[in-house]
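Step one of this worksheet: look at the structure below.
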There are 2 protein chains.
Amino acid sequence: MNTITKQNERRLVTLLRSKGPITRMQISELLSVQPSTVTRLVNDLFMRDILEEVADPERSGRRGFPSKLVGLRADSFYSAGVFVDPGTLFTCIVDSHGKLLSEESRLIVDRNFESVFGHAGRMIDRQILDLGLNRNAFIGCGISYPGQHTNKPGKVLRTTYLAEWPDIDARTDLEPFFDMPVHQLNDAKSACLAELLFGICKPIHNFCYIWLSYGIGGAAVIRQNLYLGERMVTAEFGGLFPKSQPRPSGQDLLDTLAQAGHSFTRLEDIPDALLSGPVVQAWVDRAIGQLRWLSLVIMRTFAPEAIVIGGRLGDPILDRICQELGQMETLGEDYAIGMPAFLRAETDHKPQLGAAALPVYFGTSIAEPA
Amino acid sequence: MNTITKQNERRLVTLLRSKGPITRMQISELLSVQPSTVTRLVNDLFMRDILEEVADPERSGRRGFPSKLVGLRADSFYSAGVFVDPGTLFTCIVDSHGKLLSEESRLIVDRNFESVFGHAGRMIDRQILDLGLNRNAFIGCGISYPGQHTNKPGKVLRTTYLAEWPDIDARTDLEPFFDMPVHQLNDAKSACLAELLFGICKPIHNFCYIWLSYGIGGAAVIRQNLYLGERMVTAEFGGLFPKSQPRPSGQDLLDTLAQAGHSFTRLEDIPDALLSGPVVQAWVDRAIGQLRWLSLVIMRTFAPEAIVIGGRLGDPILDRICQELGQMETLGEDYAIGMPAFLRAETDHKPQLGAAALPVYFGTSIAEPA
DNA sequence: ATTTTTATTTTGCATAGCGCAAAATAATCA
DNA sequence: TGATTATTTTGCGCTATGCAAAATAAAAAT
């Protein structure tokens, strides 16, 4: 694989992903390096087929050496993603822009760890073959599933749904199934990376992600870097809610519906009629109040520019939550600092995109120094 | 001033401050650089009188080239600190280890901004003269006072006590009074830096500081770096408490005592007898419950190794709070990750030390890359 | 049509920083 | 006294990058 290792190379790639194609002069200013350094950097990455020049539509009729835009090539590398829904296995291949090139899903009948990842590996292999891609054009494979990270570095707590799974280490336990570098993060943190690299957060340097799925997860991005701490247990927003009422998770929604006589196991199964009905609406109203409080906590701790709402609750609910939070004038009584932007996640429909974002993030991004 | 600019120089200084004197081999390993690089780095800093060799008491009777310890020189530079208590001006000079070389305080009679900082500048000048120090051996002067940072970069919100003050920018408004680089941060964040550089947190890379003074402030240190975000309004823990009961601030303690018939304006005026009496004890009990909840919030967001308790509430109260929090088995019902260490701040008796820590931090520390 | 002006990009040169390998050093051990 | 050992330094070369001058390709002026 065509690895991007140098400090300034990664800074450049991160910049271009965030800004889209820009001129060499802009690169020079934004990276605080000399134009000559940009030339060498860019030429080197051209030769390695990582960057390309694209026509500048705005640039015409102006004096001086015509500037050309430099951008990331979509086909500079590819990434594979595996998302393990408790009942279904989702796999996909994306290009370096995060465009979904192929996807394949499969019901999980045998929940055994070896069985699941054996299938996942074969599904990825098949897709690479079908797309006619070169295997070593792959920067890696990302694995994601619901669960809370433990203190052990590189391990993810087994979920309640997959209770028989062992604590899994990406390198030793998963790599044999995929024959490429493997990265692993839980669903919330992976989804957050998909927004950062491929979605609505591309231009945003500091944000927090509230992941509303069957459970509630979260992630914080600081200076375009996922904040993991040393134990990966940071920004676990689900655990913050007071126990006086149930936290506004998808599981709680299912429970609420069940109590009203509508039993479903999966969030996707809730019919639209019910989603716009009074039971769900009342639940959403309560959730918005709770999430407003959570947003206050986030602003008092991380104080990000934006709070991103995403998850698997579905568009009707998440859109409304995001919209109503965004219209609020304040988050609390003595809340004096400005309101964050509330953004609706773009990539949460396909959690396998989050998984595919992991190798891109760990393989091409970098922390800016303070 | 003998500035420390190079990346590895700052990494080395940060390392030595954190670890104390260590051998060149240890430096090589801990910084992941070649021994030869250490030699050059260290020799360069020797010549600039920033480092010194100290005898290794443990190293004797062992084979091989005897290793000598390399440490920071106490006199490599000095720093000045100004802390503005609403009623009193505290100034000090410290050496590079944070040892207090001199201090001077003065009641504030004229609260006018120019008057206060005019006095502060002259007090610092006098102390430099008295100590016989060279003015350009100073890395800078730190200014600290209670208040919440605003969104405007480099500005500190004027406190309620000093309401007539304008928003102050360190560079433009304060530098004229001191004739050296000036840095400015509120009381909580400055105190946090004093613990990081001079106090109990020297060996700790990730911690959060709960500052219990007349108000409640906070700060977060991530990988030995103060986390300020872009607006400096991060980790404002005081704003997190539910409004159902008053937040456990010094002001609340004074109010509580006043209601019990004991009126004081300053926390230092509370007599010991009262501090060990039932009114204060009951207040502390309530405070511990509230701070336990705050600690849970901190662990769910920043998930630091340690939570540090400091402020101006005085030793009897703060010691007890810290001790009781540290003995708890859990922070909440479904709290599954390990307990943080609860540490009692060492430098909070002298908030001017926090101010003096600012130039040291901004002038010699560095963020480690992720 | 040619020259000038302009903004952008590239080239040549110099230097700082650091890795690698070999040498030097100062102690203990045989 | 010489061998062994751990640590530190020296010599060499490479890479990344800054700086200044040159080259480039367009518009504007002549």
Side-chain angles (χ1 to χ4, degrees), chain A residues 2-16 19 21-48 50-71 364 366-369, chain B residues 2-16 19 21-48 50-71 366 368-369:
Chain A
N2 202 343
T3 51
I4 301 164
T5 49
K6 284 191 262 176
Q7 176 106 345
N8 273 345
E9 282 181 355
R10 288 210 174 197
R11 293 215 301 150
L12 175 54
V13 168
T14 304
L15 177 70
L16 292 176
K19 291 256 176 194
I22 54 179
T23 70
R24 288 169 170 77
M25 285 303 278
Q26 291 176 290
I27 294 171
S28 166
E29 278 158 33
L30 292 166
L31 255 35
S32 300
V33 297
Q34 292 287 330
S36 56
T37 305
V38 176
T39 294
R40 283 180 293 246
L41 227 43
V42 165
N43 285 353
D44 195 28
L45 292 170
F46 275 156
M47 286 197 301
R48 286 152 61 193
I50 291 168
L51 302 186
E52 63 185 352
E53 273 186 356
V54 297
D56 184 348
E58 292 190 35
R59 170 78 215 200
S60 62
R62 278 203 290 143
R63 258 172 123 135
F65 195 119
S67 57
K68 290 150 279 177
L69 297 183
V70 174
T364 70
I366 196 165
E368 285 291 312
Chain B
N2 202 344
T3 52
I4 301 163
T5 49
K6 283 190 260 173
Q7 176 106 345
N8 273 346
E9 283 181 356
R10 289 212 173 197
R11 292 215 301 150
L12 175 54
V13 169
T14 304
L15 177 69
L16 291 176
K19 291 258 175 192
I22 53 179
T23 69
R24 288 168 170 79
M25 284 304 277
Q26 290 177 290
I27 295 172
S28 165
E29 277 158 33
L30 292 166
L31 292 183
S32 301
V33 296
Q34 290 288 327
S36 56
T37 306
V38 175
T39 294
R40 282 181 294 248
L41 226 44
V42 164
N43 285 352
D44 195 28
L45 291 170
F46 275 156
M47 287 197 299
R48 288 153 59 193
I50 291 168
L51 301 186
E52 64 185 352
E53 272 185 356
V54 297
D56 185 348
E58 291 190 35
R59 170 78 215 198
S60 62
R62 279 204 287 143
R63 253 171 127 138
F65 194 117
S67 56
K68 291 148 280 179
L69 297 183
V70 174
I366 197 166
E368 284 291 312

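If you're wondering where the values come from, they're calculated on a predicted model, not measured in any experiment. Chain naming here is simple, since letters A, B, ... match the order of the sequence lines and numbering starts at 1 in each. The basis for the numbers below is simple: all heavy atoms, side chains too, and nothing from hydrogens, waters or symmetry mates.
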task = Provide, to the nearest angstrom, the distance between the CG atom belonging to A:Leu31 and the C1' atom belonging to D:dG18.
result = 15 Å
inquiry  = Can you measure B:Leu41 atom CG to C:dG19 atom C1' for me and round it to whole angstrom units?
reply    = 14 Å
inquiry  = Below the 4.0 Å mark, does D:dC19 have OP1 or OP2 next to a side-chain nitrogen or oxygen of A:Gln34?
reply    = yes
message = So if I take every side-chain heavy atom of B:Arg63 and compare against C:dT28, D:dT8, C:dT5, which nucleotide ends up nearest?
response = C:dT28
query = Can a side chain N or O of A:Asn8 be found less than 4.0 Å away from OP1 or OP2 on D:dA16?
reply = no
inquiry  = Can you tell me if B:Thr37 touches the phosphate of C:dC18, counting only side-chain N or O atoms and a distance under 4.0 Å to OP1 or OP2?
reply    = no
query = Using a cut-off of less than 4.0 Å, is there contact between a side-chain N or O of B:Ser67 and OP1 or OP2 of D:dT7?
reply = no
request  = Please check the phosphate of D:dA16 (OP1 and OP2 only) for any side-chain N or O of A:Lys6 closer than 4.0 Å.
outcome  = yes
message = Output the rounded distance in Å from CG (B:Asp44) to C1' (D:dT9).
response = 15 Å
query = Can you tell me how far P of C:dA7 sits from NZ of A:Lys68, to the nearest Å?
reply = 18 Å
remark   = Winner on side-chain proximity to A:Thr39, out of D:dT10, C:dT11, D:dT24, is C:dT11
key: Euclidean distance, atom CE of residue A:Met25 to atom P of D:dT24 [Å, nearest integer]   = 18 Å
task = Check the distance between D:dA25's C1' and A:Glu53's CD and give it to me in whole angstrom.
result = 13 Å
ask   = Which listed nucleotide (C:dA27, D:dT8, C:dG19) is nearest to the side chain of B:Pro66?
value = C:dA27
ask   = Within the pair A:Arg40 and C:dT11, is there a side-chain N or O less than 4.0 Å away from OP1 or OP2?
value = no
inquiry  = Would you say that A:Arg40 contacts A:Thr37 through its side chain, given a criterion of any heavy-atom pair below 4.5 Å between the two side chains?
reply    = yes
remark   = Rounded to whole Å, CD of B:Gln26 lies from C1' of D:dT8 at a distance of 14 Å
